[in-house]
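Basis for what follows: all heavy atoms, side chains included, without hydrogens, waters or symmetry-related copies. In what follows, chains carry the letters A, B, and so on, assigned in the order in which the sequence lines appear, proteins first and then strands, with residues in each chain numbered from 1. Predicted model only: the values in this text are computed from it and were never measured.
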Amino acid sequence: MKNYRTKIISNQEISPGYYRMRILAPGFSETAHSGQFVMFRVQRSLPPLLRRPFGIFRTGSLPADCDGLPPKEFVEIVYKVVGRGTTIMAELHEGDKVELLGPLGNGFDAPSCDGERILVGGGIGLVPLYMLAGELIEKGCNVRLLMGGRTRDDIFAVTEFERLGVETYVSTDDGSLGEEGVVTKVLERKLQKFPKAEVFACGPMPMLCAVRDICVANKTPLQVSLEESMACGVGACLGCVVKGAGHTEERPSYLCTCKVGPVFKAQYLDWNALAQSHGCGGCE
Amino acid sequence: MKNYRTKIISNQEISPGYYRMRILAPGFSETAHSGQFVMFRVQRSLPPLLRRPFGIFRTGSLPADCDGLPPKEFVEIVYKVVGRGTTIMAELHEGDKVELLGPLGNGFDAPSCDGERILVGGGIGLVPLYMLAGELIEKGCNVRLLMGGRTRDDIFAVTEFERLGVETYVSTDDGSLGEEGVVTKVLERKLQKFPKAEVFACGPMPMLCAVRDICVANKTPLQVSLEESMACGVGACLGCVVKGAGHTEERPSYLCTCKVGPVFKAQYLDWNALAQSHGCGGCE
Amino acid sequence: MSETTRTTVKKPSMAVEIAGIKLRNPVMPASGTFGYGEEYAPFLDLEKIGAIVTKGLSLKPKAGNPTPRIAETISGMLNAIGLQNVGIEAFIQHKMPFLRTLNTPVIANFFGNSLEEYGEVAKRLNDIPEIAAGELNISCPNVKQGGIVFGTDPKAASEVVALVRKHLQKPLIVKLTPNVTDITVVARAVEEAGADAISCINTITGMSVDIHTRKPRIANRTGGLSGPAIRPIAVRMVHQVVQTVSVPVIGIGGISRPMDALEFLIVGAKAVQVGTANFVDPSVIQTIIDGIEEFCIDEGIKDIHELIGSLRL
Amino acid sequence: MSETTRTTVKKPSMAVEIAGIKLRNPVMPASGTFGYGEEYAPFLDLEKIGAIVTKGLSLKPKAGNPTPRIAETISGMLNAIGLQNVGIEAFIQHKMPFLRTLNTPVIANFFGNSLEEYGEVAKRLNDIPEIAAGELNISCPNVKQGGIVFGTDPKAASEVVALVRKHLQKPLIVKLTPNVTDITVVARAVEEAGADAISCINTITGMSVDIHTRKPRIANRTGGLSGPAIRPIAVRMVHQVVQTVSVPVIGIGGISRPMDALEFLIVGAKAVQVGTANFVDPSVIQTIIDGIEEFCIDEGIKDIHELIGSLRL
Ligand SMILES: Cc1cc2nc3c(=O)[nH]c(=O)nc-3n(C[C@H](O)[C@H](O)[C@H](O)COP(=O)(O)OP(=O)(O)OC[C@H]3O[C@@H](n4cnc5c(N)ncnc54)[C@H](O)[C@@H]3O)c2cc1C
Ligand SMILES: Cc1cc2nc3c(=O)[nH]c(=O)nc-3n(C[C@H](O)[C@H](O)[C@H](O)COP(=O)(O)OP(=O)(O)OC[C@H]3O[C@@H](n4cnc5c(N)ncnc54)[C@H](O)[C@@H]3O)c2cc1C
Ligand SMILES: Cc1cc2nc3c(=O)[nH]c(=O)nc-3n(C[C@H](O)[C@H](O)[C@H](O)COP(=O)(O)O)c2cc1C
Ligand SMILES: Cc1cc2nc3c(=O)[nH]c(=O)nc-3n(C[C@H](O)[C@H](O)[C@H](O)COP(=O)(O)O)c2cc1C
Ligand code: FES
Ligand code: FES
């Protein structure tokens, strides 16, 4: 974990409204795991005041320079333009100075590989699944990725996932790409076919709630990556907490999304509280 | 007076730390007089919150386009990078969108032309004198410009002034260009030579105080252009006032620099109050 | 949006009534940031805004404070104008002739240096038929009571409001200062003393120092903080006041975009005033009005009253 | 600067003493924005900062508020963490072992949910020799008195300070809330009740609403505003308090650059705390310390005390 004062290698629109930014970060990849995130400082001057959290899409390094310089390590994030900060980010260019704190938090936990691994990503929730897919494939797992989005614009990086050896299934709410309907419909089908699968999910809270209900019904192990508003990213402000399973006023169990998470095993979370604070219908 | 939502034609460093910005402004020149100013909005987002006032250096128009479009009218400002706003301005480029309110305030008053016209500009105070010089030359006056600066970097646009037909005298505190010493020394000499001259001055308050003392001693008519912190630029906030001559608590005379000024006939101002609020030694 | 759909979308009703004054829409300038109206005529159509609020008026002309009077801060500004104004007589003579020509309600912001003076100004306002209402600024020090600000003491506030209420034969809006422990106490006091509406907030006292000269950046040492920086504080206070009183509340503080104004309306302000933002963009009030209208259309709101106080808790 | 001149420039003396605690320099984190210190160890040398101030501690662990707890505002943020903390016992067991290893004074920020609880925590702090001082947060509602915040009432503030003073055998810093009409009244009350130093300000209550959901952007409805937006208000209050009391004052509020800290020192704060800015830049405290040092060198200041209170009026 380090605060990188560094610069942008590239910043490109990869699907309407979605950008991929590659940032120089020597030494970053050594410590980064799938599911971790970074706190990105949009610009040195205000606004926005606070850093923005983004999942790590992947790490890597550019080939060594012809003039004998060492290879350049980088980290890549993929972001969707939704507000003030991401709008400014979309206008940044190669060479612009940025600050990046990371890698932060606890990522996915995928020890062994009996049975299928099903990854469920909704929209921008695809981001942390790419590194996870890579790690699982390397371990020899069978990895299936269910990608969901509102329209075709929300589906990105399909070929990248396929190049890893992942079997991908696309569904969109409007049917503009892949199957028409919600991604959880696909999940239900797959779980019937692979009852011993393990599920890893990231996406909007209503999707996560639905995925969790399905996994509970099927007794399927589930890990989810959560998004909460964050200020510090390092466990200091206590702004990003979620309630843990079994939380009571007397024996409070508040877990920092930035420190204990952002990836949690589903059974350790209080799903009713989650659903409530995110304004979606309660979970089962 | 209009709020132009327009764009930059060019923005160039003309001397270390000094920039000249040319901004598209159709119809601007018809109403602009020498000594008036504009309120420039540095960028649409914060910071800085408030607009910044800048004197009008000149107005003009680019030749008509080959494709038959009408000539492009523009206004030019010259600014010194001193703080947050001007630092951002220095990074703006051709084509960037900006907002400009103007022309604002009352400029120089130069009706007829008996005797010499002596213009005294200190540093960035040269800016409003260029249009004035042009107007005076057009009327057939003899115009002498005394340019003062701390170092040679503070002297700019000399050839432009000379091209108008102005006789220029340069002095710098460190002697790095022209005569060594303060510009007021030169003024005293000139006034001895041309006792019937009229003086127009713009620059830092200590310089203006000194110029005013010399003019009082020589009974020379003087007009000065003042700088005060401004918020609105249109006489609404009353933030930019200076005390008028004869101001008392019972019969207050506060004059808006943005509306009554920025150019004032020296005899209408309360010079002690001016000197005090700008933290320079009192005037005579 | 295509031409056909545009014509079929019905514009929402934007009219509101504050203390008996009918406003065509709920957006007006804040006192002291819009001169006497005329200064902004080149930049927006004064007959399209909700009302015009004058610079604070006193019985006699007031000199105001020494300069520098303003300083920019992060996302805000400090001012210590010191209530400089032409005085009520010069206002009638020089400023009313222009205002009189407009088909827009004029609200006269006013203050006194003593209890009596407040009463005197109120009486003088009665003589101007075209003034729709008075907005009483109680954020002024009571010279007699050792400089304690009227508006920070519920009793003093109540007293001055009752006195003005007695003399003013027009709707009375009382403008609260945020520099208090509990704004609901003062709000209740001025409502009981006869305020027909409440506007809040005035500026928050602040200070800024030039580290090189080591002097305060405004001559008066402290000044009033305004602008976007104070908006969350203003929204909170308007929310509190709306929950406390039953008279209409005008929300003020850091409004510079349509969404800012909407925030105040949603917490329950019946109208809003735009202050510092006028300096940044002289036609911002029109932009805000247009933006609110657009928001209503997008959200299927037919009457602005559906929005006012629609906060979901 | 060339190597030779660099070595000949003498570093200014930066040490200050607050309530008997010696600080190597006057810059420390503000409570609740620096965790328990360890969280920021990767980003700056904790042995180079003035002191470490803990998250607010209470007798029992405290759950805090529902989420969302934070929201960004213009140049500031709102928080309603609800004083979540591990409780004093867990603090001693799990957080002190790390803090104990550091050669930097640790200041324990603490609070109670009742008068008695304040006293209990104070007593418990006596058992931790490595705690240099207690910083008493009186911006908490007094449950017994219908939720009125201790720090907004001079009498309640005085009472709680006197009680804690009786029990705490360490220097006592009292942290004031800015949500009051006249901060000098509370400052005087807590000084008289035995405060060895005063820190101010805590956050200013604010609110922000999401115009689309029409819900407050934090679950608790209102939250505390912090960050650059509040700095002018904080500078004003620190100035007022410095003029009023004779105990040392620690300035807090919106500090994120060296020049911000200098502003507080110039008006008379003997030390400063940096809060929200830690979130923006985790090594900002070091940057501020370096910047103050540089400023002193540039201005020929040999001892930071020449700067403290050097405001020119
Ligand atoms: C651990 C984590 C990982 C994330 N990974 C990614 C990622 O890989 N790619 C990506 O595009 N986005 C990711 N996000 C969400 C991303 O942080 C927000 O989209 C971003 O902060 C919005 O910034 P903005 O200034 O553009 O929007 P704002 O103007 O601040 O807000 C626009 C909208 O975004 C929401 N929002 C603002 N801040 C956050 C936040 N910190 N967390 C969640 N929602 C927020 C607001 O509630 C609002 O609805 C992640 C969030 C977390 C907590
Ligand atoms: C009528 C008028 C005409 C002017 N014409 C010119 C011009 O032609 N060219 C030019 O370079 N400058 C001119 N100025 C000064 C110019 O407005 C300031 O230099 C500019 O606003 C500084 O902005 P900043 O954000 O870079 O500096 P800040 O970071 O705001 O401040 C840096 C320094 O500039 C001073 N300053 C800030 N605002 C003002 C202000 N409104 N007026 C005076 N000083 C200020 C501050 O006190 C501070 O010392 C003029 C000012 C006035 C009032
Ligand atoms: C330069 C200036 C002058 C002001 N003069 C007055 C005044 O005369 N009377 C008054 O009641 N409020 C006055 N105010 C306060 C504003 O009306 C308004 O309450 C405050 O600025 C907060 O709104 P804003 O953040 O939109 O500016 C003044 C504010 C500014 C910035
Ligand atoms: C997330 C957060 C948590 C805070 N927790 C505490 C606390 O536990 N005790 C306390 O006295 N102040 C607490 N504060 C207030 C800060 O210590 C500080 O007084 C305030 O934020 C103003 O400083 P700033 O503008 O530099 O952030 C907290 C502030 C923030 C932003
Ligand atoms: S973001 Fe601060 S504790 Fe998690
Ligand atoms: S700048 Fe507002 S009155 Fe002159």
Side-chain angles (χ1 to χ4, degrees), chain B residues 1-5 31 39-53 83-85 99-104 226-244 247-259 270 273-274 276-280, chain C residues 29 31-44 55-56 60-87 210 212-213 215 217-219 223 226-229 254 256-257 275-284:
Chain B
M1 180 180 15
K2 210 182 120 178
N3 184 29
Y4 289 87
R5 289 171 211 264
T31 48
M39 291 293 279
F40 184 84
R41 186 169 184 185
V42 175
Q43 52 184 0
R44 295 238 44 181
S45 67
L46 307 168
L49 177 67
L50 299 173
R51 293 188 181 220
R52 300 296 193 244
R84 194 202 286 264
E99 277 182 50
L100 188 84
L101 195 62
L104 300 170
L226 298 184
E227 284 191 13
E228 288 292 330
S229 295
M230 291 183 175
C232 72
V234 299
C237 74
L238 307 181
C240 66
V241 298
V242 291
K243 284 187 186 152
H247 166 98
T248 60
E249 271 308 297
E250 299 73 48
R251 310 200 76 237
S253 159
Y254 269 125
L255 312 171
C256 278
T257 304
C258 71
K259 195 94 184 172
D270 178 338
L274 269 180
Q276 206 184 349
S277 74
H278 285 82
C280 58
Chain C
S31 174
T33 66
F34 209 67
Y36 299 96
E38 203 164 357
E39 289 84 347
Y40 282 87
F43 309 113
L44 76 181
K55 171 74 191 157
K60 305 243 172 65
K62 201 167 147 77
N65 287 328
T67 58
R69 290 176 169 187
I70 54 173
E72 196 181 56
T73 65
I74 291 191
S75 299
M77 66 177 275
L78 289 170
N79 90 77
I81 305 301
L83 295 168
Q84 174 181 343
N85 79 96
V86 296
D210 182 319
H212 296 290
T213 64
K215 281 168 60 165
R217 284 170 62 212
I218 46 182
S226 65
S256 51
R257 301 169 298 183
T276 303
N278 291 305
F279 307 153
V280 181
D281 177 357
S283 53
V284 70

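Using a 4.5 Å cut-off between heavy atoms, C/T33 touches chain B through its backbone atoms (N, CA, C, O) alone. The part of C/T276 that comes within reach of chain B is its side chain, from C-beta onward, which places non-hydrogen atoms under 4.5 angstrom from that chain. Contact of C/D281 with chain B is made through backbone and side chain together, with heavy-atom distances under 4.5 Å. Of the atoms belonging to C/F34, it is backbone heavy atoms, and not side-chain ones, that fall under 4.5 Å from chain B. Contact annotation for C/K62: only backbone heavy atoms (N, CA, C, O) come within less than 4.5 Å of a heavy atom of chain B. Only the backbone of B/M230 has a heavy atom closer than 4.5 Å to any heavy atom of chain C. Neither the backbone nor the side chain of C/T213 comes within contact range of chain B; no heavy atoms are under 4.5 Å apart.
The nearest pair of heavy atoms linking B/A231 to C/M77 is CB-CE, 4.0 Å. The minimum heavy-atom distance between B/L238 and C/Q84, with the atom names listed, is CD1-O, 3.5 Å. Closest of all the heavy-atom pairs between B/R51 and C/P282 is NH2-CD, 3.8 Å. For the pair C/G35 and B/A236, the tightest heavy-atom approach, listed with the atom from each and the gap, is N-CB, 3.5 Å. When all heavy atoms are compared, the tightest approach of C/N65 to B/Y254 is O-OH, 3.1 Å. When all heavy atoms of B/N3 and C/F43 are compared, the closest pair comes out as N-CE2, 4.0 Å.
If you take CD on C/E39 and CE on B/M1, they are separated by 9.5 Å, rounding to the nearest 0.5 Å. Going from atom CD1 of C/I70 over to atom SG of B/C237 covers 5.0 Å, rounded to the nearest 0.5 Å. Taken from OG in C/S283 to CZ in B/R5, the straight-line distance is 4.5 Å, to the nearest 0.5 Å.
Among C/S75, C/P228, C/S226, the single residue meeting the side chain to side chain contact (heavy atoms under 4.5 Å, CB included) criterion with B/L49 is C/P228.
Counting heavy atoms from C-beta outward, C/Y40 and B/C232 have side chains that approach closer than 4.5 Å.
In terms of heavy-atom pairs under 4.5 angstrom with chain C, the leader among B/V242, B/T248, B/L101 is B/L101.
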